[in-house]
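Working notes for the structure below.
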Protein chains: 2
Amino acid sequence: MNDIKQFLRSNALRPTKQRIVIAGYLFDGIDKHVTAESLSTELAKRKHIISLATIYNTLHDFYENGLLKKLTLSADRVYFDTNTDHHHHFYSEKEQFLIDINKNIKVNGLPKTPKNKKINKIEVIVHLD
Amino acid sequence: MNDIKQFLRSNALRPTKQRIVIAGYLFDGIDKHVTAESLSTELAKRKHIISLATIYNTLHDFYENGLLKKLTLSADRVYFDTNTDHHHHFYSEKEQFLIDINKNIKVNGLPKTPKNKKINKIEVIVHLD
DNA sequence: TCAACACTTTAGAATCATTCTAAACTGATA
DNA sequence: TATCAGTTTAGAATGATTCTAAAGTGTTGA
């Protein structure tokens with residue numbers, strides 16, 4: 001709890017009740033993929049009612065501070081990943097699930113980067129049926 | 001023109017005025033990436049006013065028949081790619097542009113596919129700044 | 001050629017994730 | 001503990017996309 005407060009402070013985020021609850025859930029040591037909706041539902045189960053606006057705000061605050069990765073895999077919901085190490089994903093659109101690939105993947109044969117651009121990151125998504 | 005009609009018929013799509021215009025634009029031999037909005041604008045420039053609903057319908061009809069690839073790269077607009085060969089992309093979220101990578105890319109080091117699942121496709125997105 | 005019908009198009013309403021607004025609230029600081 | 005910047009929130013707004021249901025149009029068989 002005080003850990004969480006410190007954790008938030010060290011990221012220049014004021015440790016409010018809501019952020020503590022959300023961070024406590026997200027960063028409990030088990031990597032997770034959440035959407036605003038799924039997070040809201042999960043917290044509600046634990047009797048923590050936090051407005052959706054705050055959930056969106058908080059996810060973005062965390063994302064902007066590098067505490068979450070953002071994944072746009074389908075047009076109708078954005079996923080946030082608590083695993084911020086560089087990694088890739090298995091994804092099933094049909095079943096809407098996401099699995100981290102934590103092995104080292106190599107991508108070979110890339111053409112040269114367009115003029116005046118820099119590669120930010122390479123994202124590999126393995127789509128499953 | 002008759003080519004386009006045949007082309008549509010061969011894909012079990014009735015060659016309506018609107019589909020002929022849209023297919024004529026999309027499949028002119030030059031690969032393109034469009035969104036519903038960009039397509040609508042492009043056709044309007046050419047004095048072809050087609051309702052957005054029809055543009056969405058048609059893009060999906062084409063997509064379902066394998067004439068277009070669908071790319072969900074940002075949450076707020078879906079791209080359709082006239083290049084349906086298996087290929088990858090450079091993508092700049094900031095500048096909202098998309099470049100096909102037509103070279104052969106190899107992805108090495110994938111872990112084994114989750115039980116009872118099959119790989120549908122592997123998508124590599126090279127994010128640029 | 002044409003009637004008949006299934007397939008299409010369309011305007012406008014509806015949907016739904018996400019963002020915005022402006023007011024109430026609260027952690028931090030002196 | 002008063003003050004104020006940073007937060008939370010309900011509810012409205014946004015914007016891409018989908019839906020609805022009515023009008024329009026290819027296609028086909030005679």
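Quick note on labels: first sequence line is chain A, next is B, and so on, each numbered from 1. Predicted model, so just to flag it, every value in this text is computed and none were measured.
With a 4.5 Å cut-off between side-chain heavy atoms of Ile, Leu, Val, Met, Phe, Trp and Tyr, the cluster of I30(B) takes in none.
Residue H60(B) has no polar side-chain atom (N or O) positioned under 4.0 Å from OP1 or OP2 of dT17(D). Phosphate contact (OP1/OP2 of dT18(C), side-chain N/O of Y56(A), threshold under 4.0 Å): present. For dC16(C), neither phosphate oxygen OP1 nor OP2 lies less than 4.0 angstrom from any side-chain nitrogen or oxygen of R77(A).
Sparse packing is recorded around NZ of K5(A), with 12 or fewer heavy atoms of other residues, nucleotides or ligands lying under 6.0 Å away.
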Under 3.5 Å, which donor-acceptor pairs do the side chains of residues 42-50 of chain A form with other protein atoms, sequence neighbours left out?
residue: E42(A); atom: OE2; partner: R46(A); partner atom: NH1; Å: 3.1
residue: R46(A); atom: NH1; partner: E42(A); partner atom: O; Å: 3.1
residue: H48(A); atom: ND1; partner: R46(A); partner atom: O; Å: 3.4

Sequence neighbours excluded and cut-off under 3.5 Å, please list the side-chain donor-acceptor pairs for residues 70-78 of chain B, or say none.
residue: S74(B); atom: OG; partner: D76(B); partner atom: OD1; Å: 2.9

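Using a distance-only test at 3.5 Å, with no hydrogens or angles considered, a donor-acceptor pair links the side chain of H87(B) to the main chain of D85(B).
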For nucleotides 8-11 of chain D, list the nitrogen or oxygen atoms of the protein found under 3.5 Å from its nitrogen or oxygen atoms, one pair per line.
residue: dT8(D); atom: OP1; partner: T16(A); partner atom: OG1; Å: 2.4
residue: dT8(D); atom: O3'; partner: Q18(A); partner atom: NE2; Å: 2.7
residue: dT9(D); atom: OP1; partner: Q18(A); partner atom: NE2; Å: 3.3
residue: dT9(D); atom: OP2; partner: S51(A); partner atom: N; Å: 3.3
residue: dT9(D); atom: OP2; partner: S51(A); partner atom: OG; Å: 3.3
residue: dT9(D); atom: OP2; partner: T54(A); partner atom: OG1; Å: 2.5

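Pairs engaging residues 6-24 of chain A under the side-chain hydrogen bond (donor to acceptor under 3.5 Å, both in side chains) rule: R19(A)-D61(A) [sequence neighbours left out].
Between the CD atom of Q96(B) and the C1' atom of dA16(D) there is a distance of 13 Å, rounded to whole Å. Taking atom CZ on F62(A) and atom P on dT7(D), their separation rounds to 11 Å, with Å as the unit. If you take CD of E64(A) and C1' of dT7(D), they are 15 Å apart, rounded to a whole angstrom. Going from atom CD of E37(A) over to atom C1' of dC16(C) covers 10 Å, rounded to whole Å. Summarising the geometry, the separation between CG on D76(B) and C1' on dC16(C) is reported as 14 Å, rounded to the nearest angstrom. For L73(B) and dA16(D), the CG to C1' distance is 16 Å, given to the nearest whole Å. Taking atom CZ of R9(B) as the reference point, atom P of dC7(C) lies 16 Å away to the nearest angstrom. Rounded to a whole Å, the CG atom of L8(A) is 15 Å from the C1' atom of dT26(C).
Checked against side chain to side chain contact (heavy atoms under 4.5 Å, CB included), V34(A) has the following partners two or more places apart in sequence or in another chain: Y25(A), L26(A), K32(A), S38(A), L39(A), L59(A), F80(A). With sequence neighbours excluded, no residue forms a salt bridge (charged side-chain N to carboxylate O under 4.0 Å, His left out) with E37(A). Residues satisfying the salt bridge (charged side-chain N to carboxylate O under 4.0 Å, His left out) test with K69(A), not counting sequence neighbours, are none.
Sequence order on DNA chain D of the closest nucleotides to V78(B) and L13(B) puts V78(B) first from the 5' end.
Axis angle, first five pairs versus last five pairs of the helix from dT1(C)-dA30(D) to dA30(C)-dT1(D): 30°, rounded to 10°.
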